[in-house]
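Throughout, a chain's letter reflects where its sequence line sits, starting with A, and its residues are numbered from 1.
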Amino acid sequence: MQPTNQNRNLPELIIESLIRAAGYSAILFVALILFFLLREGAPAFAEVPLGDLLAVRWYPIESLFGLLPLIGGSLIVTLGAALIAVPFGLATAIFIAEIAPRWAREILKPLVEVLGGLPSVVLGFLGMLVLAPIVRLTLNTPTGLTAFTGSLLLAGMAIPTLVSVAEDALDAVPKSYRDAALALGATRWQTIWRVTVPAARSGVLTAVMLGIGRAIGETMTVMMVTGNAARMPTALNSLFLPVRTMTATIAAEMGEVANGSVHYHILFTIGIVLFLISFAVNLAASAVVFQQRKRAERLLS
Amino acid sequence: MTRQLTQRLVFALITLAAIATVTPIVLVVGYIAYLGLPAISLGFLSEMPHDGMRAGGIWPAIVGTLYLTFGTGLIAVPLGVAAAIYLSEYAKDNRLTRSIRIAIINLAGIPSVVYGLFGLGLFVLFLKFGTSLVAGCLTLSIMTLPVIISTAEEALRAVPQSFRVVSRSLGGTKWQTIWRVVLPQALPGILTGVILGLERAAGETAPILFTAAAFFLPRLPDSIFDATMALPYHLFVISTQVPGMPIQIQYGTALVLLVFVLSMNVVATVIRSRARARRQW
């Protein structure tokens, strides 16, 4: 439909330019976010030598701003969450898309959506009061506030994203693929595992990436249940010790620092790191989708 | 092991995993309802907190959350729907449009606490709004925008092309076509997306930590430049910062927040399924 200049009037032109401006606004907001993170965070690089930022002690009161324990804390909590969320999330997606009878599907889909809607502070609250004591007793650790506790809850927060994206991808696999496999004598499971899942591979991968992306950025839950000790996770058993993540550090400390202090600038620097990580994860995830679309076009042409 | 036996085993495992995934959701909601219900009374819902929040109600937190959610909608809905109209009705497939899409994807992925930092830097400090309702609403709006844009765009795209062609062939202008034909058809889908977006805004804590939330404010905000209490932040405060907090008040607050958020979820689901049932194309 080509826009013509006939029967157009001034109000319409104004409305259309407003709509256009709204369309462009998303780019403006990303730019603004990056600009203000840099504006408040960049001075840190002048105030603290890079070597000190890449050190292993985070102790702001003594001006020790080593970011590595925070990055390590975020990584170990996220890794733990991924180890739980990926198998359970994928199983749930496969169950909903391929195995469940219709009535079970109708119950499970909204339930998973409810999980996605639970405010993170509510999960953190229950995590502190209910989950942490259970973890403390079963693992026999001095405290239940560990990276593992955070991972369990984060897995719960990553699962809704993971399930809905993966289920969409599985659902989008053409019925003819399945029919062909079944006609060749494959069982339903062989069809799912060797045909449907591989055909939906890129969508499933996107689901995993977006789920993990969600887990890295989660704040309130991890702040409430991981114990917030900025220690370097050096061995595997760190999963069962308290940690401190990047997000929790910002949330816990920003309220107490003086505007314009070194500590204040560093907290924005952590924000820049988080921004870049989420940028990379999302760009990669959308690249996978993009590639898949191109391949689909080739197949169809 | 035969193929059928493998299948039976694997299906059983997958079913168990799916059950293990959804059971905690029911438990969480049930547990909070069970422990929170005894706290709910008219007084709890309508009184100011007193005795250092250890007694009284949560009225200012309820009102604050309503203000924040409503204010966020006021900004994010027109902006988001307009952006969706642009993408679905006007944008051509070129580099600019692709940049917009990448920008939206990235807005959706930015951690909520980073939105808090951004809001602090831009609205609270640079524009000197201070810790205020307006700074919180603006921050939450930008965070909610990608959800609203993508669901609204999907709803607009689902309206068959023939509707537009007919309207244009009857002499309608492009905008008349959008306003009188396409938008009304897409309304239920847009509404679903708006409610889901605002649901997220209502439950978030991290973005309002440094932009809008007051630790304790035993009155309602007088203007949009006042700080406000809010249910999620209040729950955070009374469960981590206040020693000797009665457990009942904590669960009561959690329950009110949960009911608030989940009822939005239910409304969105109902609108969506009704629209699907009624759709004639």
Exercise. With a 4.5 angstrom heavy-atom cut-off, could you sort out which part of A/V130 is near chain B: side chain, backbone, both or neither?
Key: side chain
Quiz item: Non-hydrogen atoms of chain A under 4.5 Å away: do they reach the side chain of B/F210, the backbone, both or neither?
Solution: side chain
Practice problem: Considering only heavy atoms and a distance below 4.5 Å, find which of B/L122, B/T205, B/N265, B/T253 pairs most often with chain A. | Solution: B/L122
Practice problem: Drop me the distance from A/S25's OG to B/L107's CG, to the nearest 0.5 angstrom. | Solution: 8.5 Å
Exercise. Please lay out, stage by stage, how A/I27 and B/L96 fare under the test side-chain contact (heavy atoms from CB on, under 4.5 Å).
Key: CA-CA 10 Å; A/I27 297 180; B/L96 181 66; 4.3 Å; yes
Quiz item: Does CZ in B/R180 sit with more than 12 non-hydrogen atoms of other residues, nucleotides or ligands closer than 6.0 Å?
Solution: no
Practice problem: Might you point out which heavy atoms bring A/T92 and B/A17 nearest each other, and give the distance in Å? | Solution: OG1-O, 4.2 Å
Quiz item: Heavy-atom distance under 4.5 Å between the side chains of B/I247 and A/L129, does that happen here?
Solution: yes
Exercise. Answer with side chain, backbone, both or neither: which region of B/V28 has an atom nearer than 4.5 Å to a non-hydrogen atom of chain A?
Key: both
Exercise. Kindly give the heavy-atom pair with the smallest separation between A/I19 and B/A82, and that separation in Å.
Key: CG2-O, 3.5 Å
Quiz item: How long is the gap from CZ on A/F95 to CZ on B/F11, to the nearest 0.5 Å?
Solution: 10.0 Å
Quiz item: Side chains of B/L117 and A/L274: does their closest heavy-atom pair fall under 4.5 Å?
Solution: no
Quiz item: Looking at A/G255, A/A100, A/A91, which has the largest count of heavy-atom pairs under 4.5 Å with chain B?
Solution: A/A91
Quiz item: From A/L115 CG over to B/T21 OG1, what is the distance, rounded to the nearest 0.5 angstrom?
Solution: 9.0 Å
Quiz prompt | Portion of B/I100 that has a non-hydrogen atom of chain A nearer than 4.5 angstrom | solution = both
Quiz item: Counting only heavy atoms not in B/Y34, do more than 12 sit closer than 6.0 Å to its OH atom?
Solution: no
Quiz item: Minimum heavy-atom separation for A/V122 to B/I32, with atom names?
Solution: CG1-CD1, 3.4 Å
Exercise. Pick one of side chain, backbone, both or neither for A/I99, based on which atoms fall under 4.5 Å of a heavy atom in chain B.
Key: side chain
Practice problem: Might you work through the side-chain contact (heavy atoms from CB on, under 4.5 Å) test for A/L126 and B/Y251, ending with a clear yes or no? | Solution: CA-CA 9 Å; A/L126 272 191; B/Y251 275 100; 3.9 Å; yes
Exercise. Verify the ring-centre separation between B/Y86 and A/Y24: is it less than 6.0 angstrom?
Key: yes
Exercise. Could you tell me which portion of B/V26 (side chain, backbone, both or neither) has an atom closer than 4.5 angstrom to a non-hydrogen atom of chain A?
Key: side chain
Exercise. Side chain from CB out, backbone as N, CA, C, O: work out which of these in B/S99 comes under 4.5 Å of a heavy atom of chain A, or both, or neither.
Key: both
Quiz item: Any idea which heavy atoms bring A/G117 and B/V261 closest together, and the distance?
Solution: O-CG1, 3.2 Å
Quiz item: Just wondering, do B/T173 and A/N9 contact through their side chains at under 4.5 Å, heavy atoms?
Solution: no
Exercise. Flag the one option from A/R188, A/M128, A/E98 with the top tally of heavy-atom pairs under 4.5 Å to chain B.
Key: A/R188
Quiz item: Which bit of B/L79 comes within less than 4.5 Å of chain A, counting heavy atoms only: side chain, backbone, both or neither?
Solution: both
Quiz item: Considering only heavy atoms, which portion of A/T219 lies under 4.5 Å from any heavy atom of chain B: side chain, backbone, both, or neither?
Solution: side chain
Practice problem: Check each atom of A/R39 against the heavy atoms of chain B and say whether the ones under 4.5 Å are side chain, backbone, both or neither. | Solution: side chain
Self-check item: Which atoms of A/L111 approach chain B - backbone, side chain, both or neither, heavy atom under 4.5 Å
Solution: both
Quiz item: Under 4.5 Å between any side-chain heavy atoms of B/I14 and A/W189, yes or no?
Solution: yes
Self-check item: Separation between CD of B/Q4 and CD of A/Q190, rounded to the nearest 0.5 Å
Solution: 8.0 Å
Practice problem: Decide yes or no for B/L120 and A/F268: does some side-chain heavy atom of the first lie under 4.5 Å from some side-chain heavy atom of the second? | Solution: yes
Quiz item: In terms of heavy-atom pairs under 4.5 Å with chain A, which of B/Q250, B/E199, B/E204 leads?
Solution: B/Q250
Quiz item: Side chains of B/Q176 and A/E12: does their closest heavy-atom pair fall under 4.5 Å?
Solution: yes
Quiz prompt | Heavy-atom check, side chain of A/P119 versus side chain of B/L258, under 4.5 Å | solution = yes
Practice problem: Write down the atom of A/A26, the atom of B/I104, and the distance for their closest heavy-atom approach. | Solution: CB-CG1, 3.7 Å
Practice problem: Search all heavy atoms of A/A22 against all heavy atoms of B/A83 and return the closest pair with its distance. | Solution: O-CB, 3.5 Å
Self-check item: Straight-line distance of A/F125 CZ to B/L235 CG, nearest 0.5 Å
Solution: 5.5 Å
Quiz item: Between atom OG1 of B/T15 and atom CD1 of A/I94, what is the distance when rounded to the nearest 0.5 Å?
Solution: 11.0 Å
Quiz item: Is atom CD of B/Q7 surrounded by more than 12 heavy atoms (other residues, nucleotides or ligands) closer than 6.0 Å?
Solution: yes
Quiz item: For A/W193, does the CH2 atom sit with more than 12 other heavy atoms under 6.0 Å from it, leaving out its own atoms?
Solution: no
Quiz item: For B/I25, is it the side chain, the backbone, both, or neither that has a heavy atom closer than 4.5 Å to a heavy atom of chain A?
Solution: side chain
Quiz prompt | Heavy-atom contact with chain A under 4.5 Å, split by part of B/L262 | solution = side chain
Quiz prompt | Segment of A/I192 engaging chain B (4.5 angstrom heavy-atom cut-off) | solution = side chain
Quiz item: Should A/F36 and B/L125 be marked as a side-chain contact (heavy atoms from CB on, under 4.5 Å) after you check the CA-CA gap, both sets of side-chain angles, and the distance that decides it?
Solution: CA-CA 11 Å; A/F36 274 92; B/L125 299 176; over 6 Å; no
Self-check item: Contacts of A/E113 that satisfy side chain to side chain donor-acceptor pair (under 3.5 Å) - sequence neighbours left out
Solution: B/R272
Exercise. Could you check if a side-chain atom of A/I33 sits within less than 4.5 angstrom of a side-chain atom of B/Y115, using non-hydrogen atoms only?
Key: yes
Exercise. Go through the steps to decide whether A/I15 and B/W179 satisfy the test side-chain contact (heavy atoms from CB on, under 4.5 Å), and finish with yes or no.
Key: CA-CA 11 Å; A/I15 288 171; B/W179 185 248; over 6 Å; no
Quiz item: Which bit of A/M246 is near chain B, if near means a heavy-atom gap under 4.5 Å: side chain, backbone, both or neither?
Solution: neither
Quiz item: When heavy-atom pairs shorter than 4.5 Å are enumerated against chain A, which of B/I102, B/L257, B/T269 gives the highest number?
Solution: B/L257
